[in-house]
Amino acid sequence: MPPAADMPKAYDPTLSERKWYAYWDEHGFFGASNDPQDKRPPYVIPMPPPNITGTLHIGHACRTTFEDVLIRYHRMRGFNALWTPGTDHAGISAQVVVERQLKAEGLTRHDLGREKFLERMWDWRRQSGDRILEQKRTLGASADWTRTKFTMDPEMSAAVREVFVRLYEEGLIYRATRLVNWDVATQTVLSDLEVLTEENVEGELYEFAYPLEDGGELVVATTRPETMLGDTGIAIHPEDARYSHLHGKFAKHPFLDRRIPIVLDAELVDIELGTGAVKLTPAHDFNDFASGKRHGLEEISIFTLDGKMNELTGEFKGLDRFVARKAVKKKLAELGLERGSKKHLMTLPKSERSGTVVEPIISTQWFMKMEPLAKPAIEAVESGATQILPEDWTKTYYHWMRNIQDWCISRQLWWGHNIPSWYCANEHCIVQREDPTKCPQCGDTQLRADNDVLDTWFSSGLWPFTTLGWPENTLDLQKFYPAADMETGYDILFFWVARMMMMGIHFMGKPPFKRVLLGGMVTDENGDKMSKVKGNVLDPLDVIQGATLEQLLEKARKAGASEGGLKYLQKTYPEGFIAYGADALRYTLLSYSPQSRRIALSVKRIEGYRNFCNKLWNASRYALGVLEGSDAVARGERPVAKLLINRWILSRLDNAITTANQGLESYRLDDSSLALYHFVWNELCDWYLELTKPLLNGGDAEAARETRAVLVHVLETVLRALHPMIPFITEEIWQRIPKQGVGEACIVASYPQPDPQLRDELAEREMTWLTAAISSARGLRAAKDIAPKVPIKLTLEGDDDARRALLKAEANAIATLCNATVQLGGPTGDVATATAEGVAVHMSLEGLIDTDKEKERVTRELAKVEKDLTLLEKKLGNESFVARAPAEVIAKDRARVAELTTARGKLQDALTKLAG
RNA sequence: GGGCGGAUAGCUCAGUGGUAGAGCGCCUCCUUUACACGGAGGACGUCGGGGGUUCGAUACCCUCUCCGCCUACCA
């Protein structure tokens, strides 16, 4: 392999162009190749097939990365990383996007016609599928096994139909006429989860009077005056003395020929609120509907499906519902029935799909009973059969599952699985697996198919088993059900995960996965949800490959960004992005704690990890340069080390590897990545590499040999440890390392494992003394403003024999790192003194003018020591503490007191000298 | 109204019953032979307020305030 010489001085983030693939055979043996054309059988496609789709969102980048790290880790541990990754389900986003496109063109799907609309849906899905594929590939996804299927594939459709019919036969799916949420723009029913509420909309609480049959009037209040056209009752509270005489009487509808009964309803009416009398519109309000059922009131629908007034509304017929609101108010005013109006803050239910105000209407729809399905799904989590991580979410899961309502599964859309039901002339409903030719009840052959389709989440909820060939008992099904991990965002815990749990348990007898890993939602750096309209969407490809502002604007425009969105882009990224590389983006995404619900992705942070990659790159260049021409070779085993720094770095390496493994095993990838980051930058680069320099140039051949052996081992090992997170750069460097018997590529090498035997506590303790001495000396140099080039004279003093021995042994290293001449002993002559970790460093001030600055510095240091000392002495003087605190805590504090006391003495001496 | 979460350095966030951590930002110095995408040094926190438990609380319990998210309802 080419050595360091051909490595550019700066890390090139675009090296992700060079990619290594893993393959495996039937024995689970992993091999590797950097030739994408390599088709050694049984070659496993390293990428999902191109027929996938989904939203374009950096959230997917996050999940792809998380998943890929786990895959790579498992592979390196030697497990067959047969993985069942999350699918991109087939629905909602595509419909929203295409419908938005149509809206922009001034069209609705009805203008386009069913066939053309579906064509357009497929087009969009193909495009977005290609795009996601590209994103995943660029990010380095290396799945050994993918199982991504499109829920609209024909075989899926057959499975969906089977599920529907079975649930119908079991009585879990039924047809009912109920009040449902209706979207008047797209003309479909919505499930509760698809209705969004807009907070604190300023509305009007309008009051008007119903004339009573026996004379007089009853004043009611409403935020929706037009619904009075559908009023069939007025409710009063049974204990309301103001109105009790009206019970059983009737009001007269002012415009329509209708008698309106006055009923008592303690459940609905709040005496304090409004006028204390409630108009009832059972056909258009959920509470009124319930109240209407209690009192047997008529349900009169007054809207058409597109949100206009229907033929039952007399003169208002044909008006849009909001126009009708004004017209009704005008008419009431003319009749002298208006009784006032107040401003009223309320929440407005809107359709997630179209953004229009949702209208409750009475409609016949398909429903699914949820309670019998939810119960075992709750039990699965309670028993631990399925674990939700982070665990906080289990509470939310239980809460939702325990309060679950029946699910309206039919939609009046054109994109989705058809509901396998048919109706004859007598309105008999037929549900069966094969298309029927005649009605089994009346023999009618003129059958009409149900035009409705199923809610997207119905088929998505079946995904864990239908993609594996269900209802056939295939090998795949036996092998891959249940999956180990389900990795997704918490925002679809209810939509998708909960439904997969219920359906999986119902049809397969066990929950579909052992763990549910919920990641946070990726937002922009202000914590706002990414939205194409707002222009704050970060495309992973732009971050990885770089993009100019013009490119960003162009892309945003295409995606339908608003003017404000474009301005946001211009302001936030005036220069566009430079290429940060896939490794940097991956490392950034991993560094966020999975506990947090929000991942406020910041470009600065990505830059920080790009810098880390550069650091690693250059550390490797140094190491490879040092190794050149030597016989040092990495063998995957720890070399024997006698020298302090070598023993120390090996011990610290083991520490980092321990934490990395723990993190990977507990899905705390943030812990793993932080531990390795810290090891590489703050231990390997800041200390070890610097300390190898005096050893390698010191003329001691054995020391240099040992150091090279350790250096190559540490570098090779840490690259393997980092590989799952930053695969591109680690593979690139790893291929250049002189090594023997550690495999053909990092992607298939083994993951370093911790070994408690490798810990060297003595070395770690001694190293704290050494670094303390060096840092103290550097601090003194900085405090006295002595340029690095000017050599200084240091006298080192240890509190005990162990420290004195260490300082003596490492005098040469200290001299090199501090550009100093070093001797041991107490302070002589004019010196500046610093102490830490039981090590005092005296810097000679000969030839330097003594300044007040030095006094100031020592005084400050002394004050700090004394403050700590006072605190500790007070603590140790507390009898309760000494009596009750654990012995080791007390011993630790006592040792610290001793150390601080010595330090105080030295500093006081120094101060006296300065004064004298 | 109900549920869940959060409040820690200027910003974004980790964390722990034993005298506070990271990244970015800030200040000073340095182009030293791996790295200026760098190095050395430095400043900065009554860990939201108030109670309690404890020898000891930022951490555990209670309470208040503020902020998110989810959910129900508002004639």
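Because the structure is a prediction, the values reported are computed rather than measured. Below, read A as the first sequence line, B as the second, and so on, with proteins coming before strands; counting in each chain starts at 1.
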- Do any side-chain nitrogens or oxygens of Asn819(A) fall under 4.0 Å of OP1 or OP2 in U32(B)? no
- Task: Could you verify whether a donor N or O on one side chain and an acceptor N or O on the other, from Asp231(A) and Tyr210(A), lie under 3.5 Å apart?
- Result: yes
- In whole angstroms, how far is the C1' atom of G5(B) from the CG atom of Leu493(A)? 14 Å
- Message: What is the distance, to the nearest angstrom, from the CG atom on Leu627(A) to the P atom on A34(B)?
- Response: 14 Å
- Identify all stems in which RNA chain B takes part, counting only runs of at least 3 consecutive pairs (Watson-Crick or G-U wobble, each distance under 3.5 Å), and give each as one range with another, ordered by first number. B:1-7 with B:65-71, B:10-13 with B:21-24, B:26-30 with B:38-42, B:48-52 with B:60-64
- Message: I want to verify a distance call: between A36(B), U19(B), G18(B), whose nearest atom is closest to the Phe881(A) side chain?
- Response: G18(B)
- Please tell me which of the listed nucleotides, A34(B), G18(B), G23(B), lies nearest to the side chain of Pro886(A)? G18(B)
Taking only N/O atoms, report every protein-nucleotides 39-43 of chain B pair under 3.5 Å with atom names and distance.
{"unit_1": "G39(B)", "atom_1": "OP1", "unit_2": "Lys615(A)", "atom_2": "NZ", "d": "2.9"}
{"unit_1": "G39(B)", "atom_1": "OP1", "unit_2": "Trp681(A)", "atom_2": "NE1", "d": "2.6"}

- Donor-acceptor pair (no angle test) under 3.5 Å: Arg605(A) side chain, C24(B) base: no
- Message: So Leu268(A), base contact, sugar-phosphate only, or nothing? Heavy-atom distance under 4.0 Å.
- Response: nothing
- Item | Nearest-Å distance for atom pair NZ/P, residues Lys9(A) and U33(B) | 8 Å
- For Leu616(A) and G38(B), what is the distance between atoms CG and C1' respectively, to the nearest whole Å? 15 Å
- Any donor-acceptor N/O pair, Asn878(A) side chain to Ser880(A) backbone, under 3.5 Å: yes
- Message: Distance check needed: G17(B) C1' versus Asp893(A) CG, whole Å only.
- Response: 14 Å
- Message: Regarding Ser596(A), tell me which of base, sugar-phosphate or nothing describes its non-hydrogen contacts under 4.0 Å with the strands shown.
- Response: sugar-phosphate
